[in-house]
Colleague: 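Have a look at the structure that comes next, please.
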Amino acid sequence: MHSAVLLIEFGSIILGLGLLGRFAARFRLSPIPLYLLAGLAFGEGGLLPLGASEEFVSIGAEIGVILLLLMLGLEYTAGDLVTNLKAHYPSGLVDGALNALPGAAAALLLGWGPVAAVVLAGVTWISSSGVIAKVLGDLGRVGNRETPVILSVLVLEDLAMAVYLPIVTALVAGAGLLAGSLTLAIALGAAGLVLFVAVRYGRLISRFVSSDDPEKLLLVVLGLTILVAGVAQQLQVSAAVGAFLVGIALSGEVAEGAHTLLSPLRDLFAAVFFVFFGLHTDPASIPPVLLPALALALVTAATKIATGYWAARRAGISPKGRWRTGGALVARGEFSIVIAGLAVSAGIEPSLGPLATAYVLILVILGPLTARYTEPLATRLTARRESPTTTESGSRVAEASVGRDGA
């Protein structure tokens, strides 16, 4: 009987997610806020709480995080990462300073303590690669001159996660300074080793994993990723970091084939992850934090626009392209929820989960709007600001002309 209830509940969840995804696609929206709302509706304090399938959804959510980071790693080769790091690291530093500090300051002002401050700093720092990539495709900007700048900022954020996630994992676990330092050293050593091996022996690794049979390729890549993620977690390093490093190590045709095969699985389990996060957030806890979430969203939307503008100007992009770059970077999404989920699972601060949920809901809706309208709005405001000057100078020229004619 329990098995039947589990199948009914889980089947209903998957069907509901599919319908929500179709609804979002029809209006060209990100489905992430709808998935979060679905989790709120079926979680504790929701309309229809689930019971039998919660443990199964929890495992699916963990796989979702692993696949999200694996697919992100597959997008880049180790050489690309090293090149981006050398060329654009100042943009990454500005990005971290402008967008992490507001989150940390908000947590301290709310009295949540230093650990929650580090967590909320990550929530406000990391943009949503998935949402931004979809928006760029929808707006036809993939070939624009500013798009490589946007991607460079996102890559640097992804690289920063390889250092940041182990720190957060150690902090939320209550590890001391020595244990936390050891965890970080292991993570950095593993990341450096994987990058070195990927640069020197990437072709050999890809050749070993490669297979003409899609079934065998899928099983080998998925099995290897979950195995490495499990080993990483056993070493007190985030499983997500382990999955990200596996993605970096694979390249060429293997990476392309794995990306194609794993995309549907990534979408399925990532959707389950967002539902799982919503399941553990009481809807009644959101209204008290809605105002701080809105204020934080507006502040960090502005800081992301400033980040993109500065990075694009440094790359020699025109003013219109600078505004488009800033507007495109506003959306937060999957990784903000991943980071907040670490703190929620550890019971760091009860209000952090609701605040992160409300924050992501606001910016995942606002992000596509800023990507579309920041540049025309800024252009219009700039034109209005310049027009009085133009009129005034025109009047002076006319007066001088009249004076000369009168003379």
Side-chain angles (χ1 to χ4, degrees), residues 32-33 36 39-40 65 92-128 157 160-177 179-181 183-184 238 240-241 274 277-278 280-307 329-367:
I32 292 175
L36 288 171
L40 291 173
V65 176
L93 295 175
V94 170
D95 180 33
L98 289 181
N99 297 286
L101 291 178
L108 294 175
L109 288 173
L110 291 169
W112 290 354
V115 175
V118 174
V119 173
L120 195 55
V123 171
T124 59
W125 177 11
I126 304 297
S127 296
S128 172
E157 289 180 352
M161 283 190 68
V163 178
Y164 173 81
L165 284 176
I167 295 174
V168 171
T169 303
L171 287 175
V172 299
L177 180 61
S181 301
T183 299
L184 179 59
S238 171
V241 173
F274 293 121
F277 188 83
H280 285 73
T281 303
D282 187 352
S285 63
I286 289 183
V289 297
L290 192 56
L291 194 58
L294 179 60
L296 192 58
L298 293 176
V299 169
T300 54
T303 54
K304 272 293 180 183
I305 292 173
T307 297
L329 289 170
V330 166
R332 276 34 162 223
E334 57 272 25
F335 298 119
S336 295
I337 297 297
V338 169
I339 293 166
L342 295 173
V344 170
S345 300
I348 296 299
E349 170 57 50
S351 298
L352 200 153
L355 178 69
T357 302
Y359 175 80
V360 169
L361 280 171
I362 293 168
L363 285 184
V364 85
I365 294 170
L366 185 63

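Bear in mind the structure is a predicted one, so any value in this text is a computation, not a measurement. No hydrogens, no waters, no symmetry mates; every other heavy atom, side chains included, goes into these values.
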Colleague: Which atom pair, heavy atoms only, marks the closest approach of I337 to A356?
Modeller: CD1-O, 4.3 Å
Colleague: Test your reading of the model: is there a side-chain donor-acceptor pair from K304 to the backbone of W125, 3.5 Å cut-off?
Modeller: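 Checked: pair present.
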Colleague: Report the residues that fulfil side chain to side chain donor-acceptor pair (under 3.5 Å) with T300, sequence neighbours left out, ordered by chain and then residue number.
Modeller: Y359
Colleague: For P102 versus V299, what's the shortest heavy-atom pair and its separation?
Modeller: CB-CG1, 4.2 Å
Colleague: Mind checking side-chain contact (heavy atoms from CB on, under 4.5 Å) for A107 and listing every partner two or more places apart, or none if nothing turns up?
Modeller: W112, A117, L120
Colleague: Within the 4.5 Å heavy-atom criterion, are N99 and E157 side-chain neighbours or not?
Modeller: no
Colleague: Quick one: side-chain contact (heavy atoms from CB on, under 4.5 Å) partners of I362, sequence neighbours excluded?
Modeller: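 Result, side-chain contact (heavy atoms from CB on, under 4.5 Å) vs I362: A293, L294, A297.
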Colleague: I'd like to know if the side chain of S127 reaches the main chain of L329, judged simply by a donor and an acceptor atom lying under 3.5 Å from each other, with no hydrogens or angles considered.
Modeller: yes
Colleague: Sequence neighbours excluded, which residues qualify as side-chain contact (heavy atoms from CB on, under 4.5 Å) partners of L98?
Modeller: V94, T303, A306, T307
Colleague: Identify, with sequence neighbours excluded, every residue that meets side chain to side chain donor-acceptor pair (under 3.5 Å) alongside S336.
Modeller: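 For S336, no residue satisfies side chain to side chain donor-acceptor pair (under 3.5 Å) once neighbours in sequence are set aside.
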Colleague: Work out which heavy atom in V119 is nearest to a heavy atom in A340; give both atom names and the distance.
Modeller: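 Looking at all heavy atoms of both residues, the shortest contact is CG1-CA, 4.3 Å.
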Colleague: Mind checking side-chain contact (heavy atoms from CB on, under 4.5 Å) for P292 and listing every partner two or more places apart, or none if nothing turns up?
Modeller: L355
